[in-house]
Amino acid sequence: MIRGGRSYVTSPPSFSNDAKRLLVCTGNTVSVFSAATGLQITSLEGHTALVTTLIVVPASTPAQKILCYCWTASLDGTIRHWDFSGPELLKTIDAQLPIYSMVIPSLLSEPQQIDKRRELSGKLVAFVSVEDISVVNEGSKELRGHIRRFNLAKPRVPRGDTLKETAEPESIVISPSGEFFGIRHKCKIHIWDVPSGGSRHAVSRKMTLHHTKVINAFAFHPTERVIAAGDVTGRVLIWRGFGNRKLALGNQKKKVRATVDLDNPGVRGEDDTESCTTWHWHSAEVNVLNFSSDGAYLYSGGREGVLVVWQLDTGKKKFLPRIGSPLLYFVWSPDPTLSSVVCADNQIHLLKMPSMEILRTISGIKPPPSLPRMYEGLASTVAFDRSSGIAALCTENYCVQLYNLLNDRGISEIQVCERNHQPGDEITVVVTAVALSLDGSVMSTTEVKLPEDGIGGLVSLKFWASEPDSKTFTLSTIVYEPHRDARVSAIAFHPTRSMAVSTSFGGDFKIWVCNSDKKQTDKDSSWICHAVGSYKKKPMTAAAFSGDGTVLAVAAENVITLWNPDKNILLSVLGTTLTPVTKLCFAGKSEFLVSASHFPRPELSVWNTSKLSLSWSYGLRIEAVTSAVDSSAFAVLAVIPKSFKTDESNENIFRGRDGAILLFNGSDPKPVSIWTVIKAKGGSISFLEGDKSQLRLAYVSGSREYVVFDPNSDESHERSAVDYDSLTGLEETGDAGYTSLYGQLPDYDKKRMEDVDSLATPFISSERPWETIFSGSTLNFPPLQKLCAEFFESLMEKRTAVVE
């Protein structure tokens, strides 16, 4: 089983002492990457919840740079000490409360001789931000965020001294010298000094700085009493000489008392600081602040995706523009020529300093794009190359990211539409669909330029050819307004030929072929329209080719039609559902066709195309469908209704999970296996068949985390004990589609299901559907009024499609 797609940006990363490795918090683990190659070397596994803090123990001498020790804290309530060269877990401390942030001042303020004597002396003290809900009653206004002091010499720490209580846990920032630490809380910065000697009985002194706007980030100067803060309006504030009264030693207080009564420019009220300077360049909130190691420069960044370098004495600035995503963290390495910047699109850029050149990028799966409300649930933003295990994912900046699911790393990025996109810009273009051919050689995308003041709304269909050497795609063909002014609802590729179909809500579908099939050179290859089809002017909502490519299934709203893709002839009408069909998928090379409907009454149906009948159906909302190529097995990703999850008998089964993957054999309504999953809404699934000896199933969640596992192995993935019978009788969905009209077919058709192997016939497309329309059990016949109309229509051999 392979897990990946975790976020790299939940917490600041940290460099090793030799600057050759970068440690990154990735979910419940810490991943160690090579700074030279950007590839993962190893990982620290042991925490059972999100890792929130990572602290590398610094080296005090050049000889100690080979030492590889670090501390981690997690929401599982534990603090762990590691040797990440191994990796090896050295120590676990139970804090008994979820930890959101942690600092250890003595690691910075004292020379480190990594041994046990300092731990036994009680000097290794940590200040942590925890969440304590034991004191919070339902509906009360008690504060759950606590800043506490813990002694790391003990394996199980007591409650600890509480320094500050806040409504929510806050992040702790420590000065590079280890003398001060603080938190931001709304428009204030609370600062404490660290008592000398590390005694747990010493009292930390506190001061507060005030501002008129909410503060987003702040940082301490490495050598002087200077604090920089950034607010939600984009302003950067520099407080100089803070704490000369409240945080100074006795002899230092005497030196500054004479200046207390003087005017302090920019200082609000009774704040203990000499001056406050304001700089303003950012147009939105400032998320990143960090001083250079010598304190001469200040680095700031925010939503614009631009890293700004301020000269502290003069206020002059220079920029690293067009990073392409909001900035979250900026971290220095022990090597002054190397730093890293962390972006909101799940990427970490390693920078060469001081030129700020991007040396390499550690890229995770980028988050899904923000779609306008009208496109939610309709866009298909993930596609899979089954042979190589590569996923194509639509991203925020009008791009498609190619990501290797087997190696858990990004490969390349394709700019779908040329736009000067900047983070925070209003969305003007939506990439509504991406699809890959079965062999991964062709990609298709659709995009919509959103109308402005009711004018516009240009729809584009694009075909891309793969470039194996560069591991990317190049644009082959652009089709503007492929379905007049209607939006494209689905794209599907032929399994063996350079043929594709696009459907539209405007009431037609088009079959596209590549002229390379007509013995053209690859350089001159392009895609042209081969045929146009429609059915009673109904919106076309989904399409799929059969396993051998001889039949094309197209959903005309709630009617499923079967076509000959070469001659563009309507073969037959398969059946009707109560609600519009959103997904179609043939179960491999078998005669079974899977359909899924969403609103208002979800339904999963399996049809026997050789008998033109419904085999079975469930009242489930389906997010994705996939099938194996060489068998009748198929899998669906279902969203579990709230009423079913809240049932007391099912609480222990789901444990907060909101979806399930159900594995079926086409002829059997009973699932072969069921796996419960999290974040199913917006998720995708696909079989991966690059290795013919092993069939694997990939699940990508709505948040873009994924797992690849062997569906036939009991050891590779936890299976849930969900009773499949209970999924069909949900009060929230009830019966749907054919079942609501004629009842549950399995109830009266058990004998046929038991003898399905003997009754099943090979699926061969026919151009004379009326010869077999009356075959089969009379229980499968539609009403006479409906049957006659379709029967006489088929006798007339009226061609409803138009060939361009």
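Both backbone and side-chain heavy atoms feed into the values below; hydrogens, waters and symmetry mates do not. Sequential numbering from 1 along the given sequence is applied to the chain's residues.
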Exercise. Checking side chain to side chain donor-acceptor pair (under 3.5 Å) against His47, which of Thr29, Asn28, Thr72 comes through?
Worked result: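 For His47, the side chain to side chain donor-acceptor pair (under 3.5 Å) test succeeds with only one of Thr29, Asn28, Thr72, which is Thr72.
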
Exercise. Just one of His211, Lys213, His282 clears the side chain to side chain donor-acceptor pair (under 3.5 Å) bar with Asp231, so which one?
Worked result: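 For Asp231, the side chain to side chain donor-acceptor pair (under 3.5 Å) check succeeds only for His211.
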
Exercise. Quick one: side chain to side chain contact (heavy atoms under 4.5 Å, CB included) partners of Ala344, sequence neighbours excluded?
Worked result: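 Side chain to side chain contact (heavy atoms under 4.5 Å, CB included) check on Ala344 returns Ser325, Pro326, Leu328.
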
Exercise. Hey, are the side chains of Ile365 and Leu393 touching, using non-hydrogen atoms and a 4.5 Å cut-off?
Worked result: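 Contact flag for Ile365/Leu393 side chains = yes.
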
About how many Å separate [atom2] of [Y] and [atom1] of [X], when rounded to the nearest 0.5 Å?
X      : Y      : atom1 : atom2 : result
Leu44  : Glu88  : CG    : CD    : 11.5 Å
Leu54  : Ser11  : CG    : OG    : 8.5 Å
Ser292 : Leu298 : OG    : CG    : 8.5 Å
Leu209 : Ile189 : CG    : CD1   : 5.5 Å
Thr361 : Arg409 : OG1   : CZ    : 13.0 Å
Asp94  : Ile79  : CG    : CD1   : 9.0 Å

How far apart are the closest heavy atoms of [X] and [Y], and which atoms are they?
X      : Y      : answer
Ala217 : Asn287 : CB-O, 3.5 Å
Pro334 : Ala19  : CD-CB, 4.3 Å
Cys343 : Ile323 : SG-CG2, 3.5 Å
Thr52  : Ser101 : OG1-N, 4.3 Å
Tyr403 : Gly410 : CE1-N, 3.3 Å
Val286 : Asn216 : O-CB, 3.0 Å

Exercise. Do the side chain of Arg360 and the main chain of Ala36 share a donor and acceptor less than 3.5 angstrom apart?
Worked result: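 Looks like yes, one N/O pair under 3.5 Å.
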
Problem set entry | Arg205/Asp193 salt bridge by N-O under 4.0 Å criterion |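 A salt bridge links Asp193 with Arg205.
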
Problem set entry | Carboxylate-amine/guanidinium proximity below 4.0 Å for Arg148 and Asp132 |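 Judged by the 4.0 Å cut-off on N to carboxylate O distance, Arg148 and Asp132 do form a salt bridge.
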
Problem set entry | Stepwise side-chain contact (heavy atoms from CB on, under 4.5 Å) check, Val677 with Ile661 | CA-CA 7 Å; Val677 296; Ile661 299 175; 3.9 Å; yes

Exercise. More than 12 heavy atoms of other residues, nucleotides or ligands under 6.0 Å from NZ of Lys206: is that the case?
Worked result: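 Above 12, so yes.
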
Are [X] and [Y], when compared by the centres of their aromatic rings, separated by less than 6.0 Å?
X      : Y      : answer
Tyr69  : Trp71  : no
Trp332 : Phe15  : no
Tyr299 : Phe291 : no

Problem set entry | Steps toward salt bridge (charged side-chain N to carboxylate O under 4.0 Å, His left out) verdict (Lys366, Asp345) | CA-CA 5 Å; Lys366 292 191 173 184; Asp345 62 354; 3.6 Å; yes

Problem set entry | Trace of the side-chain hydrogen bond (donor to acceptor under 3.5 Å, both in side chains) decision for Asp271 with Thr273 | CA-CA 6 Å; Asp271 285 0; Thr273 179; over 6 Å; no

Problem set entry | Among Phe180, Phe181, Phe220, Phe127, ring pair (Phe, Tyr, Trp, His ring centres under 6.0 Å) partner for Trp192 |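 Of all the options given, the one that passes is Phe181.
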
For this session: Could you give me the CA-CA distance, side-chain angles and deciding distance for Ser333 and Asp335, then say whether side-chain hydrogen bond (donor to acceptor under 3.5 Å, both in side chains) is met?
Result: CA-CA 5 Å; Ser333 78; Asp335 180 357; 5.3 Å; no

Would you check if there is a donor-acceptor pair between the side chains of [Y] and [X] at a distance under 3.5 Å?
X      : Y      : value
Thr208 : His190 : yes
Tyr8   : Gln347 : no
Thr26  : Ser31  : yes

